Amino acid sequence: MNAGPSPRLRLTVLMVLGLALALGSFWYLENTRKELADMLPKGQRTEPDYFIDRFQYVRMSTTGQPRYKVSGVKMTHHPLDDSFQIRQPVVRSLGDERPPMTIVADRARLEDLNSRLHMLDHVRVDRPATPQSQPFRLDTEQLLILPDEDIMQSDQAVEMALGNARMSGVGMFANNATGELKLLSQTKVHYPPPTTR
Amino acid sequence: EKADAGKPTNIEADQMAYDDVKQINTFSGNVVLKRGTLIMKADKMVVTQDPAGYQFATLTGVSGGVATFRQKRDGGSDLWMEGQGERIEYDGKNELARFFSKAKLKRLEGSKPTDEVEGEFISYDSRTEFFSVNNTANGGSKPGAGRIKVVIQPRPESKGSK
(Lines give C-alpha, C1' and ligand atoms only; values in the text may rest on other atoms or scores of the structure.)
Protein backbone atom coordinates (compact mmCIF):
# COMPACT_ATOMS: atom_id res chain seq x y z
CA MET A 1 0.00 0.00 0.00
CA ASN A 2 2.19 2.66 -1.32
CA ALA A 3 -0.25 5.48 -2.05
CA GLY A 4 1.83 8.44 -3.14
CA PRO A 5 5.46 9.01 -4.03
CA SER A 6 7.75 7.76 -1.27
CA PRO A 7 8.98 10.34 1.21
CA ARG A 8 12.53 9.75 -0.06
CA LEU A 9 11.52 10.72 -3.60
CA ARG A 10 9.65 13.76 -2.37
CA LEU A 11 12.68 14.82 -0.36
CA THR A 12 15.00 14.43 -3.33
CA VAL A 13 12.73 16.49 -5.58
CA LEU A 14 12.56 19.21 -2.96
CA MET A 15 16.36 19.27 -2.59
CA VAL A 16 16.87 19.43 -6.36
CA LEU A 17 14.37 22.27 -6.60
CA GLY A 18 16.10 24.15 -3.78
CA LEU A 19 19.51 23.65 -5.38
CA ALA A 20 18.23 24.85 -8.78
CA LEU A 21 16.72 27.91 -7.14
CA ALA A 22 19.98 28.72 -5.35
CA LEU A 23 22.09 28.24 -8.46
CA GLY A 24 19.60 30.21 -10.58
CA SER A 25 19.59 33.20 -8.29
CA PHE A 26 23.36 33.06 -8.03
CA TRP A 27 23.60 33.00 -11.88
CA TYR A 28 21.13 35.88 -12.13
CA LEU A 29 23.06 37.94 -9.54
CA GLU A 30 26.33 37.30 -11.34
CA ASN A 31 24.83 38.45 -14.62
CA THR A 32 23.36 41.69 -13.33
CA ARG A 33 26.61 42.63 -11.55
CA LYS A 34 28.61 42.01 -14.76
CA GLU A 35 26.26 44.15 -16.86
CA LEU A 36 26.46 46.89 -14.29
CA ALA A 37 30.25 46.73 -14.40
CA ASP A 38 30.23 47.09 -18.21
CA MET A 39 27.95 50.06 -18.08
CA LEU A 40 30.09 51.93 -15.58
CA PRO A 41 33.08 53.79 -17.24
CA LYS A 42 36.24 51.91 -16.57
CA GLY A 43 37.56 54.03 -13.75
CA GLN A 44 37.31 57.28 -15.92
CA ARG A 45 40.46 59.32 -15.16
CA THR A 46 39.63 62.92 -14.37
CA GLU A 47 43.17 63.85 -13.34
CA PRO A 48 45.90 64.55 -15.93
CA ASP A 49 47.49 61.36 -17.16
CA TYR A 50 50.80 62.76 -18.51
CA PHE A 51 52.73 65.98 -19.07
CA ILE A 52 55.70 67.10 -21.13
CA ASP A 53 58.29 69.56 -19.91
CA ARG A 54 59.95 72.19 -22.16
CA PHE A 55 58.29 70.86 -25.28
CA GLN A 56 58.20 71.95 -28.89
CA TYR A 57 56.05 70.56 -31.67
CA VAL A 58 55.31 71.59 -35.26
CA ARG A 59 51.77 71.65 -36.59
CA MET A 60 51.54 70.76 -40.30
CA SER A 61 49.04 72.23 -42.71
CA THR A 62 46.43 69.99 -44.28
CA THR A 63 48.78 69.73 -47.29
CA GLY A 64 51.71 68.66 -45.12
CA GLN A 65 53.67 71.92 -44.94
CA PRO A 66 54.97 72.99 -41.49
CA ARG A 67 52.53 75.72 -40.44
CA TYR A 68 53.02 76.56 -36.71
CA LYS A 69 55.71 75.74 -34.19
CA VAL A 70 54.24 75.54 -30.68
CA SER A 71 56.53 75.45 -27.67
CA GLY A 72 56.16 76.02 -23.95
CA VAL A 73 57.37 75.36 -20.43
CA LYS A 74 54.90 72.55 -19.67
CA MET A 75 52.10 70.75 -21.53
CA THR A 76 49.67 68.65 -19.42
CA HIS A 77 47.21 66.18 -20.99
CA HIS A 78 43.66 65.92 -19.60
CA PRO A 79 42.11 62.56 -20.68
CA LEU A 80 38.56 63.58 -19.79
CA ASP A 81 38.25 65.76 -22.90
CA ASP A 82 41.60 64.89 -24.50
CA SER A 83 42.79 68.49 -24.15
CA PHE A 84 46.12 69.99 -23.11
CA GLN A 85 46.90 72.84 -20.70
CA ILE A 86 50.06 74.70 -21.69
CA ARG A 87 52.14 77.03 -19.52
CA GLN A 88 54.03 79.93 -21.19
CA PRO A 89 53.02 78.93 -24.74
CA VAL A 90 54.96 80.41 -27.69
CA VAL A 91 53.47 79.98 -31.16
CA ARG A 92 55.53 80.85 -34.26
CA SER A 93 54.07 80.82 -37.76
CA LEU A 94 56.25 79.00 -40.29
CA GLY A 95 56.37 79.08 -44.06
CA ASP A 96 58.08 81.67 -46.21
CA GLU A 97 55.02 82.98 -48.08
CA ARG A 98 54.03 85.19 -45.15
CA PRO A 99 55.91 87.31 -42.63
CA PRO A 100 56.80 85.32 -39.49
CA MET A 101 54.42 85.97 -36.57
CA THR A 102 55.03 85.19 -32.89
CA ILE A 103 52.21 84.77 -30.35
CA VAL A 104 52.88 84.44 -26.62
CA ALA A 105 50.62 84.22 -23.57
CA ASP A 106 50.68 83.16 -19.93
CA ARG A 107 48.78 79.96 -20.70
CA ALA A 108 46.88 78.12 -23.41
CA ARG A 109 44.39 75.31 -23.90
CA LEU A 110 44.68 72.98 -26.86
CA GLU A 111 41.58 70.97 -27.82
CA ASP A 112 39.65 69.24 -30.60
CA LEU A 113 42.53 67.03 -31.79
CA ASN A 114 44.90 70.01 -31.47
CA SER A 115 42.93 72.05 -34.02
CA ARG A 116 41.82 74.81 -31.60
CA LEU A 117 44.44 76.64 -29.55
CA HIS A 118 43.05 79.12 -26.97
CA MET A 119 45.78 81.55 -25.91
CA LEU A 120 44.85 83.11 -22.55
CA ASP A 121 46.08 86.02 -20.31
CA HIS A 122 48.51 88.69 -21.58
CA VAL A 123 48.30 87.47 -25.15
CA ARG A 124 50.72 89.34 -27.43
CA VAL A 125 50.98 88.90 -31.22
CA ASP A 126 54.04 90.33 -32.99
CA ARG A 127 54.72 90.46 -36.72
CA PRO A 128 57.78 92.44 -37.86
CA ALA A 129 57.63 94.76 -40.88
CA THR A 130 58.46 93.33 -44.29
CA PRO A 131 58.75 95.05 -47.67
CA GLN A 132 55.15 93.98 -48.39
CA SER A 133 53.46 94.61 -45.05
CA GLN A 134 53.58 96.98 -42.13
CA PRO A 135 54.69 95.90 -38.63
CA PHE A 136 51.77 94.55 -36.60
CA ARG A 137 51.27 94.06 -32.88
CA LEU A 138 48.18 92.95 -30.96
CA ASP A 139 47.42 92.74 -27.24
CA THR A 140 44.39 90.99 -25.72
CA GLU A 141 43.43 88.64 -22.92
CA GLN A 142 42.03 85.87 -25.13
CA LEU A 143 42.86 84.70 -28.64
CA LEU A 144 41.65 81.59 -30.43
CA ILE A 145 44.02 80.24 -33.11
CA LEU A 146 42.71 77.83 -35.75
CA PRO A 147 45.99 76.65 -37.33
CA ASP A 148 44.40 74.65 -40.13
CA GLU A 149 42.45 77.66 -41.36
CA ASP A 150 45.25 80.15 -40.52
CA ILE A 151 42.67 82.17 -38.57
CA MET A 152 42.98 84.10 -35.29
CA GLN A 153 39.95 85.52 -33.53
CA SER A 154 38.99 87.04 -30.19
CA ASP A 155 35.68 88.13 -28.71
CA GLN A 156 37.32 90.41 -26.14
CA ALA A 157 38.86 93.88 -26.17
CA VAL A 158 41.96 94.13 -28.38
CA GLU A 159 44.62 96.82 -28.79
CA MET A 160 46.57 96.82 -32.05
CA ALA A 161 49.41 98.73 -33.68
CA LEU A 162 49.60 98.52 -37.46
CA GLY A 163 52.36 100.57 -38.97
CA ASN A 164 52.07 103.94 -37.26
CA ALA A 165 48.33 103.58 -36.57
CA ARG A 166 46.95 102.57 -33.17
CA MET A 167 43.68 100.64 -33.20
CA SER A 168 41.34 99.23 -30.57
CA GLY A 169 37.98 97.51 -30.54
CA VAL A 170 36.01 94.66 -29.04
CA GLY A 171 36.01 91.49 -31.05
CA MET A 172 38.59 90.79 -33.72
CA PHE A 173 39.03 88.39 -36.64
CA ALA A 174 42.13 87.88 -38.75
CA ASN A 175 42.69 85.52 -41.66
CA ASN A 176 46.45 85.37 -42.17
CA ALA A 177 46.06 83.57 -45.49
CA THR A 178 44.00 86.33 -47.13
CA GLY A 179 45.43 89.25 -45.12
CA GLU A 180 41.99 90.17 -43.80
CA LEU A 181 41.81 91.91 -40.39
CA LYS A 182 38.53 92.95 -38.78
CA LEU A 183 37.48 94.77 -35.63
CA LEU A 184 33.88 93.84 -34.80
CA SER A 185 32.69 96.68 -32.54
CA GLN A 186 33.64 99.92 -30.77
CA THR A 187 36.41 100.53 -33.31
CA LYS A 188 38.84 103.38 -32.63
CA VAL A 189 41.81 104.22 -34.87
CA HIS A 190 44.47 106.88 -34.32
CA TYR A 191 46.78 108.00 -37.13
CA PRO A 192 49.59 110.29 -35.89
CA PRO A 193 50.17 113.59 -37.77
CA PRO A 194 51.98 113.05 -41.09
CA THR A 195 55.76 113.04 -40.94
CA THR A 196 56.53 115.64 -43.67
CA ARG A 197 54.66 118.91 -44.21
CA GLU B 1 41.71 125.90 -40.33
CA LYS B 2 45.39 125.71 -41.19
CA ALA B 3 46.39 124.32 -37.82
CA ASP B 4 44.46 121.13 -38.61
CA ALA B 5 47.24 120.04 -40.97
CA GLY B 6 49.58 119.11 -38.12
CA LYS B 7 46.96 117.28 -36.08
CA PRO B 8 46.53 113.49 -35.74
CA THR B 9 43.53 111.85 -37.37
CA ASN B 10 41.17 109.91 -35.12
CA ILE B 11 38.45 107.63 -36.49
CA GLU B 12 35.63 105.95 -34.62
CA ALA B 13 33.20 103.44 -36.11
CA ASP B 14 31.28 100.30 -35.30
CA GLN B 15 33.37 98.02 -37.47
CA MET B 16 36.64 98.02 -39.38
CA ALA B 17 37.88 95.66 -42.09
CA TYR B 18 41.50 96.04 -43.15
CA ASP B 19 42.95 94.41 -46.27
CA ASP B 20 46.61 93.85 -45.50
CA VAL B 21 47.42 92.99 -49.12
CA LYS B 22 45.94 96.16 -50.68
CA GLN B 23 46.48 98.17 -47.44
CA ILE B 24 42.95 99.56 -47.62
CA ASN B 25 40.91 100.14 -44.45
CA THR B 26 37.09 100.11 -44.59
CA PHE B 27 35.06 101.48 -41.71
CA SER B 28 31.31 100.97 -41.39
CA GLY B 29 28.54 102.04 -39.02
CA ASN B 30 28.43 105.50 -37.37
CA VAL B 31 31.79 106.50 -38.84
CA VAL B 32 33.32 109.71 -37.41
CA LEU B 33 36.68 111.13 -38.60
CA LYS B 34 38.25 113.94 -36.58
CA ARG B 35 41.37 115.92 -37.42
CA GLY B 36 41.83 119.07 -35.38
CA THR B 37 38.65 121.09 -35.98
CA LEU B 38 37.66 118.96 -38.98
CA ILE B 39 34.81 116.51 -38.36
CA MET B 40 33.42 114.22 -41.05
CA LYS B 41 30.62 111.69 -40.53
CA ALA B 42 29.30 108.94 -42.77
CA ASP B 43 27.85 105.42 -42.77
CA LYS B 44 30.87 104.03 -44.56
CA MET B 45 34.44 105.20 -45.14
CA VAL B 46 37.33 103.73 -47.10
CA VAL B 47 40.78 104.97 -46.09
CA THR B 48 44.19 104.53 -47.73
CA GLN B 49 47.44 106.06 -46.51
CA ASP B 50 50.48 107.22 -48.44
CA PRO B 51 54.02 106.42 -47.28
CA ALA B 52 54.36 109.87 -45.69
CA GLY B 53 51.35 109.10 -43.50
CA TYR B 54 48.66 111.20 -45.17
CA GLN B 55 45.17 109.71 -45.29
CA PHE B 56 42.89 109.69 -48.28
CA ALA B 57 39.28 108.93 -47.36
CA THR B 58 36.10 108.32 -49.33
CA LEU B 59 32.96 108.74 -47.23
CA THR B 60 29.51 107.63 -48.35
CA GLY B 61 26.03 107.64 -46.91
CA VAL B 62 24.02 104.43 -47.07
CA SER B 63 20.56 104.11 -48.73
CA GLY B 64 20.24 107.76 -49.66
CA GLY B 65 22.05 109.07 -46.58
CA VAL B 66 24.76 111.71 -46.93
CA ALA B 67 28.25 112.16 -45.61
CA THR B 68 28.83 115.42 -43.74
CA PHE B 69 31.79 117.76 -43.28
CA ARG B 70 32.41 120.54 -40.73
CA GLN B 71 35.57 122.53 -40.20
CA LYS B 72 36.53 125.79 -38.57
CA ARG B 73 37.68 128.64 -40.75
CA ASP B 74 40.56 131.00 -39.97
CA GLY B 75 40.01 134.71 -39.54
CA GLY B 76 37.55 134.70 -36.68
CA SER B 77 36.66 132.96 -33.45
CA ASP B 78 33.47 131.26 -34.62
CA LEU B 79 33.68 130.89 -38.39
CA TRP B 80 32.77 127.48 -39.79
CA MET B 81 32.38 125.70 -43.10
CA GLU B 82 29.80 122.90 -43.35
CA GLY B 83 29.26 120.61 -46.32
CA GLN B 84 27.53 117.41 -47.31
CA GLY B 85 27.12 115.13 -50.27
CA GLU B 86 26.20 111.55 -51.07
CA ARG B 87 29.96 111.02 -51.37
CA ILE B 88 32.87 113.03 -50.00
CA GLU B 89 36.42 112.43 -51.15
CA TYR B 90 38.94 113.88 -48.71
CA ASP B 91 42.62 114.34 -49.59
CA GLY B 92 44.46 114.67 -46.31
CA LYS B 93 47.66 115.79 -47.97
CA ASN B 94 46.31 118.76 -49.90
CA GLU B 95 43.39 119.22 -47.47
CA LEU B 96 40.94 119.11 -50.32
CA ALA B 97 37.34 117.95 -49.77
CA ARG B 98 35.25 117.12 -52.84
CA PHE B 99 31.51 116.71 -52.45
CA PHE B 100 29.65 114.64 -55.00
CA SER B 101 25.92 114.53 -55.93
CA LYS B 102 23.40 116.63 -53.99
CA ALA B 103 26.35 118.56 -52.72
CA LYS B 104 25.88 121.50 -50.36
CA LEU B 105 28.40 123.83 -48.77
CA LYS B 106 27.64 126.53 -46.22
CA ARG B 107 29.76 129.25 -44.64
CA LEU B 108 28.61 129.98 -41.09
CA GLU B 109 29.27 132.56 -38.46
CA GLY B 110 28.46 130.71 -35.26
CA SER B 111 25.33 128.89 -36.29
CA LYS B 112 24.15 131.54 -38.79
CA PRO B 113 24.82 130.65 -42.46
CA THR B 114 26.35 133.55 -44.39
CA ASP B 115 26.77 131.91 -47.81
CA GLU B 116 25.33 128.72 -49.22
CA VAL B 117 25.95 126.86 -52.41
CA GLU B 118 24.38 123.74 -53.92
CA GLY B 119 25.30 121.72 -56.96
CA GLU B 120 26.19 118.29 -58.22
CA PHE B 121 29.86 118.72 -57.40
CA ILE B 122 31.66 121.07 -55.03
CA SER B 123 35.39 121.14 -54.42
CA TYR B 124 36.63 122.93 -51.28
CA ASP B 125 40.27 123.67 -50.56
CA SER B 126 40.39 124.25 -46.82
CA ARG B 127 43.84 125.84 -46.97
CA THR B 128 42.83 128.67 -49.25
CA GLU B 129 39.15 128.35 -48.17
CA PHE B 130 38.33 128.55 -51.86
CA PHE B 131 35.55 126.39 -53.33
CA SER B 132 34.32 125.75 -56.86
CA VAL B 133 31.00 124.32 -57.98
CA ASN B 134 30.21 122.31 -61.09
CA ASN B 135 26.95 120.87 -62.32
CA THR B 136 27.96 117.29 -63.04
CA ALA B 137 28.75 114.71 -60.42
CA ASN B 138 32.12 113.92 -61.94
CA GLY B 139 33.32 117.45 -61.36
CA GLY B 140 33.06 118.75 -64.90
CA SER B 141 30.61 121.33 -66.23
CA LYS B 142 28.11 120.53 -68.96
CA PRO B 143 25.47 122.89 -70.27
CA GLY B 144 22.02 121.81 -69.24
CA ALA B 145 23.32 119.24 -66.77
CA GLY B 146 22.03 120.83 -63.60
CA ARG B 147 21.54 124.09 -61.86
CA ILE B 148 23.85 125.62 -59.36
CA LYS B 149 22.31 127.66 -56.61
CA VAL B 150 24.26 130.21 -54.65
CA VAL B 151 22.90 132.27 -51.80
CA ILE B 152 25.08 135.10 -50.62
CA GLN B 153 23.83 136.86 -47.55
CA PRO B 154 24.15 140.65 -47.43
CA ARG B 155 27.14 141.73 -45.40
CA PRO B 156 26.29 143.94 -42.42
CA GLU B 157 27.44 147.58 -42.92
CA SER B 158 31.14 147.55 -42.05
CA LYS B 159 31.45 149.33 -38.71
CA GLY B 160 33.75 152.06 -40.00
CA SER B 161 31.39 153.54 -42.64
CA LYS B 162 28.67 154.72 -40.23
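Each chain gets a letter, A, B and so on, in the order its sequence line appears, and its residues count up from 1. These figures come from a predicted structure and were not determined experimentally.
Close approach to chain B, defined as a heavy atom under 4.5 Å from one of its heavy atoms, is seen in T178(A), G179(A), E180(A), L181(A), K182(A), L183(A), L184(A), S185(A), Q186(A) of residues 177-186 of chain A, taken by number.
Classification of K106(B) and E116(B) as a salt-bridged pair fails, no side-chain N sitting under 4.0 Å from a carboxylate O.
For E12(B), the parts lying under 4.5 angstrom from a heavy atom of chain A are both the backbone and the side chain. For chain B, the nearby part of M167(A) is the side chain; its heavy atoms alone come within less than 4.5 Å. Using a 4.5 Å cut-off between heavy atoms, V31(B) does not touch chain A at all. Using a 4.5 Å cut-off between heavy atoms, N10(B) touches chain A through backbone and side chain atoms alike. Looking at N25(B), only its side chain comes within 4.5 Å of chain A, counting heavy atoms on both sides.
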Decide side chain to side chain donor-acceptor pair (under 3.5 Å) for E159(A) and S168(A); before the verdict, give the C-alpha distance in whole Å, the side-chain angles of both, and the deciding distance to 0.1 Å. CA-CA 4 Å; E159(A) 301 268 339; S168(A) 68; 4.9 Å; no

Test T102(A) against D126(A) for side chain to side chain donor-acceptor pair (under 3.5 Å), laying out the working first. CA-CA 5 Å; T102(A) 305; D126(A) 256 311; over 6 Å; no

Evaluate the criterion side chain to side chain donor-acceptor pair (under 3.5 Å) for residue pair Q156(A) and S154(A); output intermediate values, then yes/no. CA-CA 6 Å; Q156(A) 296 195 10; S154(A) 175; 5.7 Å; no

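Ring planes of Y50(A) and H77(A): parallel class, angle under 30° (limits at 30 and 60°).
Separation of atoms CD (E109(B)) and OG (S77(B)) is listed at 9.0 Å; rounding is to 0.5 Å. In this structure, OG in S71(A) is found 10.0 Å from OH in Y57(A), a value given to the nearest 0.5 Å.
Cation-pi geometry between R87(B) and F100(B) is met: under 6.0 angstrom from the ring centre, within 45 degrees of the axis.
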